[in-house]
Amino acid sequence: MNSPTNSGLSGLSGQAAQPLQPDLEQFNLRRFLESLGPDEFETRDGVTELASVAQQLDGNPKAVLFKQPAGSAVPLCGNVAGSRARLAKAFGTTPDLLLQEVIARGRKKGVVIEVPREAAPVQQVVLMGDECDLTALPVHLQHGLDGAPYISASIDFTHNPATGWTNVGIRRLMLRGRRTAGIDLIAPSDLRAIYVGHAAKGERLPIAFAVGTHPIDHLAAAMRTPTDELALIASLRGAPMGVVKCITNDLLVPADAQYILEGYLDERGHVEDEGPFGEVLGYYGGVKQNPVFHVTAITHRRDPVFQTFTISGRTMAHTDTAQVCALRTEAVVWRSLEAAVREVKAVYAMPSTGGTFNVRVAMQQRVPGEARNAIAAVFGSLANVKHVYVVDPDIDIFSDAQMEWALATRFQADRDLVVQGDFRALPLDPSLVTPRITAKAGFDLTLPHLRPDQTRSFEYLVPAPPVYDGARFASLEAALEAGPKRFAELMAATGTRDGREIVRWLEDAGAKRAIVRTPEGHYKFA
């Protein structure tokens with residue numbers, strides 16, 4: 001593959017150039033956790049049941065390390081990127097200067113250096129073939145109606161044959177069995193286009209997932225930049241990045257990650273049920289047809305930390321995804337505003353709205369109409385941005401109270417409201433009537449009105465940590481014989497406090513007797 005690795009030759013004039021050597025511990029996730037103070041980080045000693053992890057992370061403002069997840073010898077961490085303060089810590093700056101640090105780093109060329117396998121911490125332990133078992137990892141059920149436990153902090157790496165670049169993104173993996181998982185590839189993306197091209201030719205797509213990575217890597221994976229995105233990670237790190245070739249394919253991946261899951265997306269296309277899952281806007285996404293990931297190798301450090309992302313529910317501002325998405329949105333919006341207006345002072349995307357929908361801009365107008373130019377620029381910067389608030393520099397855009405005051409005292413709806421329709425929408429938005437078309441700048445954030453004879457559909461239910469209060473049965477087979485069951489109900493059926501053994505049972509039982517999924521995500525015998 002054609003990825004821009006670099007020999008890193010540099011040196012003083014008149015002297016022999018010395019190759020750069022990447023520091024393979026500088027961005028070690030474990031080291032980052034150890035750098036956090038007690039105001040940002042807490043440790044849970046003793047054994048932690050996987051069934052309780054979601055509840056302990058939900059709304060928790062701190063990063064958490066579970067030292068002994070039940071049934072696993074590997075610690076589990078969550079909420080690592082779930083605050084602006086921790087993201088600022090990752091970049092070595094303060095929350096108020098974070099965006100400018102990201103912008104400055106993004107303008108510099110990233111240096112990517114391939115290292116030998118024996119030097120890569122992430123390949124200290126190599127599992128292949130039947131040794132690979134996704135259900136041996138501490139993967140937990142995150143929301144009560146989820147279709148199965150999800151690996152949620154995974155960064156994907158693929159080769160784009162059209163550009164020769166490495167494409168990097170963030171995709172969740174729904175456990176389907178020991179060596180298979182569902183992957184969400186519904187929304188438009190480079191990875192979807194790459195995969196559809198392979199599937200159309202009946203070809204498998206090699207892919208690798210990094211799990212357990214520095215917060216900077218997750219921000220880089222969320223960015224949308226027309227470049228080789230390995231180099232983008234390196235540029236945001238602000239340091240040379242070591243990469244290593246996978247064991248079972250030719251992809252280059254971060255050599256300093258905790259885990260790499262190697263494998264391929266099979267050639268059948270979007271053919272298997274995936275979901276439901278608590279999505280980034282705080283509501284559920286339903287069951288969809290998606291591709292299947294097959295694992296061919298699992299590599300990891302000798303002392304790894306597994307990682308989970310917090311994603312959905314009522315406390316969006318404390319989730320990993322909302323904080324990462326907000327910072328990504330701010331960076332994209334800032335670049336758009338630089339070309340449209342002159343004196344932009346600050347940009348803030350509100351994490352409580354998922355980090356994409358509501359954007360605040362503070363600017364100094366030099367001539368009449370610049371505020372409207374800014375609004376138009378933000379409209380076009382990201383499809384996900386719906387509402388834009390532009391204020392004078394004396395308003396603190398990080399303060400809800402000051403923003404409410406500016407709205408109340410500086411705004412006239414018939415003069416200052418800009419509304420435009422027929423924009424491409426984020427399909428997950430539950431306020432939509434036409435699934436792929438949205439309006440921008442509306443201020444009503446309520447769900448669509450329901451008549452007395454109507455009820456909310458599945459997609460409007462608000463995710464919460466699972467509650468295991470369903471009926472008990474003598475066996476999982478008896479539970480399904482009694483009727484369709486959600487995954488949490490299957491856990492309640494046997495009283496398990498883990499859940500991974502149910503994934504194994506579904507795989508094994510399904511090989512003997514067909515188990516299908518309902519549109520609402522229930523499992524049932526065909």
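As the structure is a computational prediction, the values presented were derived from the model and not from experiment.
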Point to revise | Listed once per pair and sorted, the salt bridge (charged side-chain N to carboxylate O under 4.0 Å, His left out) pairs that draw on residues 515-526, sequence neighbours left out | key: none
Practice item. Could you grab the distance from atom CZ of F357 to atom OG1 of T438, nearest 0.5 Å is fine? Key: 7.0 Å
**Study point:** Donor-acceptor contact below 3.5 Å, side chain Y284 vs main chain P276
**Key:** no
Check your understanding: Between R328 (side chain) and A222 (backbone), is there a donor-acceptor pair under 3.5 Å?
Key -> yes
Check your understanding: Does the T310 side chain pair with the main chain of D320, one donor and one acceptor, at a distance under 3.5 Å?
Key -> yes
Revision key, fill the gap. Between I216 and A90 the two heavy atoms that sit nearest each other are CD1-O, 3.4 Å
Review point. Which atom pair, heavy atoms only, marks the closest approach of E274 to I183?
Key: CG-N, 4.3 Å
Check your understanding: Under the side-chain contact (heavy atoms from CB on, under 4.5 Å) test, which residues partner A478, sequence neighbours left out?
Key -> F473, S475
Check your understanding: Taking C-beta and beyond as the side chain, do L141 and M491 meet within less than 4.5 Å on heavy atoms?
Key -> yes
Check your understanding: Is a donor on one side and an acceptor on the other found under 3.5 Å between the side chain of T321 and the backbone of I311?
Key -> yes
Point to revise | Within residues 276-290 or reaching into it, pairs that qualify as salt bridge (charged side-chain N to carboxylate O under 4.0 Å, His left out) - sequence neighbours excluded | key: R172-E279, D184-K288, E279-K288
**Study point:** Residue list, side-chain contact (heavy atoms from CB on, under 4.5 Å) with V196, at least two apart or on another chain
**Key:** R192, H270
Practice item. Verify side-chain contact (heavy atoms from CB on, under 4.5 Å) between L261 and I151, making sure each step is shown before the conclusion. Key: CA-CA 11 Å; L261 313 178; I151 299 173; 3.9 Å; yes
Review point. Can you check whether M350's main-chain N or O pairs, donor with acceptor, with T353's side chain at less than 3.5 Å?
Key: yes
Check your understanding: What's the spacing between E267 CD and E203 CD if we round to 0.5 Å?
Key -> 9.5 Å
Review point. Can you find a heavy atom in the side chain of Q258 that is under 4.5 Å from one in the side chain of V211?
Key: no
Point to revise | Residue pair C77, L29: steps toward the side-chain contact (heavy atoms from CB on, under 4.5 Å) verdict | key: CA-CA 10 Å; C77 65; L29 175 61; 3.7 Å; yes
Exercise for review: Could you pull out the closest heavy-atom pair between P161 and H198, with the gap in Å?
Suggested key: CG-CE1, 4.2 Å
Point to revise | Partner residues of Q142 under the side-chain hydrogen bond (donor to acceptor under 3.5 Å, both in side chains) criterion, sequence neighbours left out | key: S152
Check your understanding: Is there a donor-acceptor contact under 3.5 Å from the side chain of K485 to the main chain of G483?
Key -> yes
Check your understanding: Would you find a donor on one side and an acceptor on the other, under 3.5 Å apart, between the side chain of Q123 and the backbone of K245?
Key -> yes
Review point. Taking only residues two or more places apart in sequence or in another chain, which ones pass ring-ring contact (aromatic ring centres under 6.0 Å, His included) with Y523?
Key: none
Point to revise | Separation of T48 OG1 from L76 CG (nearest 0.5 Å) | key: 8.5 Å
Practice item. Name all residues meeting the ring-ring contact (aromatic ring centres under 6.0 Å, His included) criterion together with H214; count only those two or more places apart in sequence or in a different chain, and write none if there are none. Key: F27, F32
Exercise for review: Any chance you could measure L230, atom CG, to M241, atom CE, to the nearest 0.5 Å?
Suggested key: 4.5 Å
Review point. Can you check whether D130 reaches R179 side chain to side chain, under 4.5 Å on heavy atoms?
Key: yes
Check your understanding: Can you tell me if D156 uses its side chain to pair, donor with acceptor, with the backbone of G169 under 3.5 Å?
Key -> yes
Study note, to complete from the structure: Heavy-atom nearest pair, A326 first then A349, reads CB-O, 3.4 Å
Practice item. Would you mind telling me which of Q323, K89, E40 makes a side chain to side chain donor-acceptor pair (under 3.5 Å) with S83? Key: E40
Check your understanding: So do L50 and P138 actually touch side chain to side chain, heavy atoms under 4.5 Å?
Key -> yes
Check your understanding: Between E507 and T135, is any pair of side-chain heavy atoms under 4.5 Å apart?
Key -> no
Check your understanding: Short question: side chain of Y195, backbone of G269 - any donor-acceptor pair under 3.5 Å?
Key -> yes
Practice item. Give a yes or no on whether a salt bridge exists between K512 and E477, defined as a side-chain N under 4.0 angstrom from a carboxylate O. Key: no
Review point. Is there a side-chain contact (heavy atoms from CB on, under 4.5 Å) between V64 and E42 once you walk through the steps?
Key: CA-CA 5 Å; V64 182; E42 62 186 24; 3.7 Å; yes
Check your understanding: Does F91 have any ring-ring contact (aromatic ring centres under 6.0 Å, His included) partners at least two apart in sequence or in another chain, and if so, which?
Key -> none
**Study point:** Chi angles and distances behind the side-chain contact (heavy atoms from CB on, under 4.5 Å) call for L205, Y264
**Key:** CA-CA 5 Å; L205 175 65; Y264 61 90; 6.0 Å; no
Review point. With sequence neighbours left out, what residues match F423 under ring-ring contact (aromatic ring centres under 6.0 Å, His included)?
Key: F379
Review point. Is a donor on one side and an acceptor on the other found under 3.5 Å between the side chain of N79 and the backbone of N60?
Key: yes
Exercise for review: Examine the side chains of E272 and N290 and answer whether a donor and an acceptor come within less than 3.5 Å of each other.
Suggested key: no
Check your understanding: Is there a side-chain contact between V139 and L134 (heavy atoms, below 4.5 Å)?
Key -> no
Point to revise | Heavy-atom closest pair, residues T158 and P206 | key: CG2-O, 3.7 Å
Practice item. Compare every heavy atom of P304 with every heavy atom of P75, then report the nearest pair and how far apart it is. Key: CD-O, 3.4 Å
Check your understanding: Nearest 0.5 Å, what's the OG1-CG distance between T43 and L65?
Key -> 5.0 Å
Review point. How would you list all residue pairs meeting salt bridge (charged side-chain N to carboxylate O under 4.0 Å, His left out) that involve residues 300-318, not counting sequence neighbours?
Key: E25-R301, R30-D303
Review point. Does a side-chain heavy-atom distance below 4.5 Å link L490 with L480?
Key: yes
Check your understanding: So is R171 actually on top of F209's ring, under 6.0 Å and inside 45° of the axis?
Key -> no
Practice item. Kindly indicate whether the side chain of T356, heavy atoms from C-beta on, has any atom under 4.5 Å from the side chain of V280. Key: no
Practice item. Would you mind listing every salt bridge (charged side-chain N to carboxylate O under 4.0 Å, His left out) that reaches into residues 58-74, with sequence neighbours excluded? Key: D45-K67
Exercise for review: Please collect all ring-ring contact (aromatic ring centres under 6.0 Å, His included) contacts where either partner lies in residues 137-157, sequence neighbours excluded, each pair once.
Suggested key: H143-F277, Y150-F277
**Study point:** N-O pairing of D273 and R176 below 4.0 Å
**Key:** no
Point to revise | salt bridge (Lys or Arg N to Asp or Glu O under 4.0 Å) between R237 and D256, intermediate numbers included | key: CA-CA 13 Å; R237 285 187 177 193; D256 52 9; 2.8 Å; yes
Review point. Distance from L127 atom CG to T296 atom OG1, nearest 0.5 Å?
Key: 11.5 Å
